[in-house]
Asks: 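To start, I am sharing the structure in question, which I have written as structure tokens.
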Protein chains: 2
Amino acid sequence: MSTTILVVEDEPAIQQLLSATLTRAGHDVIRADDGEHAMRLLNEALPDLVLLDWMLPGRSGIDIARRLRTEERTRAIPIIMLTARGDEQDKVSGLEVGADDYVTKPFSPRELIARIKAVLRRRAPHATDDPVELGGLRLDPATHRVTADDQPLGLGPTEFRLLCFLMHNPERVHSRAQLLDRVWGDHVFVEERTVDVHIRRLRSALEASGHDRLIQTVRGAGYRLSVDPGPQRGVG
Amino acid sequence: MSTTILVVEDEPAIQQLLSATLTRAGHDVIRADDGEHAMRLLNEALPDLVLLDWMLPGRSGIDIARRLRTEERTRAIPIIMLTARGDEQDKVSGLEVGADDYVTKPFSPRELIARIKAVLRRRAPHATDDPVELGGLRLDPATHRVTADDQPLGLGPTEFRLLCFLMHNPERVHSRAQLLDRVWGDHVFVEERTVDVHIRRLRSALEASGHDRLIQTVRGAGYRLSVDPGPQRGVG
DNA sequence: GCCGCTGTGTCATCAATTTGTCAAATGGCT
DNA sequence: AGCCATTTGACAAATTGATGACACAGCGGC
């Protein structure tokens, strides 16, 4: 998970703790000691999420949040605020300004991580939940079911994702690199040949119903999902 | 999105917050301070959705919900209730009366918007407080009873809510995170693995009658309630 | 107030699947 | 035939889910 988190916290000890916790959880961390500092950093690069202490010297947390929400460029960035325990007023004002969630001090690292994860997940646009159908093959993301001519198929998680991607982007050749990016995730370190293996696994699952012919190999280029078998070599 | 939302909330600050949040999200807002007020507004024009505080002075939220569900004219209007955090009884009674969803206070605006959107999207299904039945399993929100082939079952509170949610949303695969959100509540902090444990408890309660097979594990995705056992891995 | 219950959330551990890689086999193309 | 790209079968490591045990908080009875 290569998400960058901006931590705005004046107390060095807490800042250190936050930073360590987040780093250990696999996030990149940028730190700011106060509002001014935070604003400067925000001008350089936009983080994926802002973790904001509500009680800051000078410009208070609420100011920063408000400003983030005002400007077009930063409006979409999720904000999690750190508040003192039991300060209801903080929570209300924070949520009013548009914070996405809050964590009360003292916080448990696990809880912090969990909330960050939850917020990031919530903001992820829902991948289309509509069923796709093609050449007798039917895949329903919502129920996580696949049928070939109404016969249920059992696929492993990766095969499912692979087929899901192919069915949403049929009639197009996808290189192995593209498939790795889109199906496996951004920058995972996996051999390109591994794609072959999963294509094979997917094919053998489709074999029983003869739907394996939908997955075509384009020599030197990649794979394609198509009802049309395509021309044979030398044939018009 | 020109949806009109009726907000029923007695506390001015919260009402203000709700109104601001909803307006910013592009909804039209009508406000009522109490049950009577709400009823008067409902006589004038029907909103597309009602956001209802469960704890109201005078006529309680549950009364309003019940009345909305009773009258033909208002029966189809989706209801989202606002409950205090962790009030189990509220959640259960809310489901009984037929609320479509609930949000616990304090709530995050983003979450609220998301739930409203979700409810509006699926507006159609969701029987009210009628008993749900599926594959010989029968759950009656009104009496808080569950039977398997007419044999009464004893379930703990959480297991009941879990089963209730699953039976209202069958076939669909729910990730652990989604289940935590929908069954446990908004701002609770529990491990995702805990869902496994409760699924197991629910299963062992259903085991005696063999209904545990209704609860299916979808590896890498979550859980699903369905009569259709689904295929084994690799089988066509 | 004390005590035993019930319901919950966490863990540690075990079992089952899934997955990334290799290396050898296959097959197309020139 | 010779060169490559792709297909396949086999494997060991890594994930992921199922289970049983446990500690603890809340509750009601005594």
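All chains are named by letter (A, B, ...) in the order of the sequence lines, taking the proteins before the strands, and each is independently numbered beginning at 1.
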Asks: Could you pull out all residues at least two apart from H211(A) that satisfy ring pair (Phe, Tyr, Trp, His ring centres under 6.0 Å)?
Replies: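 None.
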
Asks: Calculate the interatomic distance between L202(A) atom CG and dT19(C) atom P; express it in whole Å.
Replies: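 Distance, rounded to whole Å: 12 Å.
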
Asks: Between P on dT7(D) and CD on E191(A), what's the gap in Å once rounded to a whole number?
Replies: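 Taking CD of E191(A) and P of dT7(D), I get 17 Å after rounding.
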
Asks: When you check the phosphate oxygens OP1 and OP2 of dG9(C), does a side-chain N or O of W184(B) lie under 4.0 Å from one of them?
Replies: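 It does, given that an N or O in the side chain of W184(B) lies less than 4.0 Å from OP1 or OP2 of dG9(C).
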
Asks: Considering residues at least two apart in sequence or located in another chain, which fulfil the side chain to side chain contact (heavy atoms under 4.5 Å, CB included) criterion with E11(B)?
Replies: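 In terms of side chain to side chain contact (heavy atoms under 4.5 Å, CB included), with neighbours along the sequence ignored, E11(B) is linked to E9(B), I14(B).
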
Asks: When every nucleotide of nucleotides 14-19 of chain D is labelled 5' to 3' by its protein contacts under 4.0 Å (heavy atoms), B for base, S for sugar-phosphate only, - for none, what sequence of letters results?
Replies: -BBSSB

Asks: Return the value, rounded to whole Å, for the distance between atom CZ of F160(B) and atom C1' of dT8(C).
Replies: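 Taking CZ of F160(B) and C1' of dT8(C), I get 18 Å after rounding.
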
Asks: Got a sec, which residues hit salt bridge (charged side-chain N to carboxylate O under 4.0 Å, His left out) with E133(B), two or more places apart in sequence or on another chain?
Replies: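 Testing E133(B) for salt bridge (charged side-chain N to carboxylate O under 4.0 Å, His left out), a comparison that skips the adjacent residues, returns R138(B).
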
Asks: Using the salt bridge (charged side-chain N to carboxylate O under 4.0 Å, His left out) criterion, which residues pair with R203(A)? Sequence neighbours excluded.
Replies: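 So R203(A) forms no salt bridge (charged side-chain N to carboxylate O under 4.0 Å, His left out) with any residue.
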
Asks: Is it true that R145(B) and D140(B) make a salt bridge, defined as a side-chain N closer than 4.0 Å to a carboxylate O?
Replies: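 No, R145(B) and D140(B) are not salt-bridged.
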
Asks: In whole angstrom, give the distance that lies between atom CD of E111(A) and atom C1' of dG9(C).
Replies: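 E111(A) atom CD is separated from dG9(C) atom C1' by 14 Å.
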
Asks: For residues 161-182 of chain A, pull every pair meeting salt bridge (charged side-chain N to carboxylate O under 4.0 Å, His left out), keeping only residues two or more places apart or in separate chains.
Replies: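 Qualifying pairs, neighbours excluded: R176(A)-D196(A).
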
Asks: For L155(B) and for V190(B), find the nucleotide of DNA chain C with the closest heavy atom, then tell me which residue's nucleotide is more 5'.
Replies: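 Counting from the 5' end, the first nearest nucleotide belongs to L155(B).
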
Asks: Grab the NE2-C1' distance between H198(B) and dG9(C) for me, whole Å please.
Replies: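 Result: 6 Å.
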
Asks: Is it the case that dG20(C) (base atoms only) and R201(A) (side chain only) share a donor and an acceptor within less than 3.5 Å, ignoring hydrogens and angles?
Replies: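 Check passes, donor-acceptor contact within cut-off.
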
Asks: Counting side-chain heavy atoms from C-beta on, which of dT21(C), dT19(C), dT8(C) comes nearest to T194(A)?
Replies: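 Side chain of T194(A) sits closest to dT21(C).
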
Asks: Any side-chain N or O of T158(A) under 4.0 Å from OP1/OP2 of dT19(C)?
Replies: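 For dT19(C), OP1 or OP2 has a side-chain N or O of T158(A) closer than 4.0 Å.
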
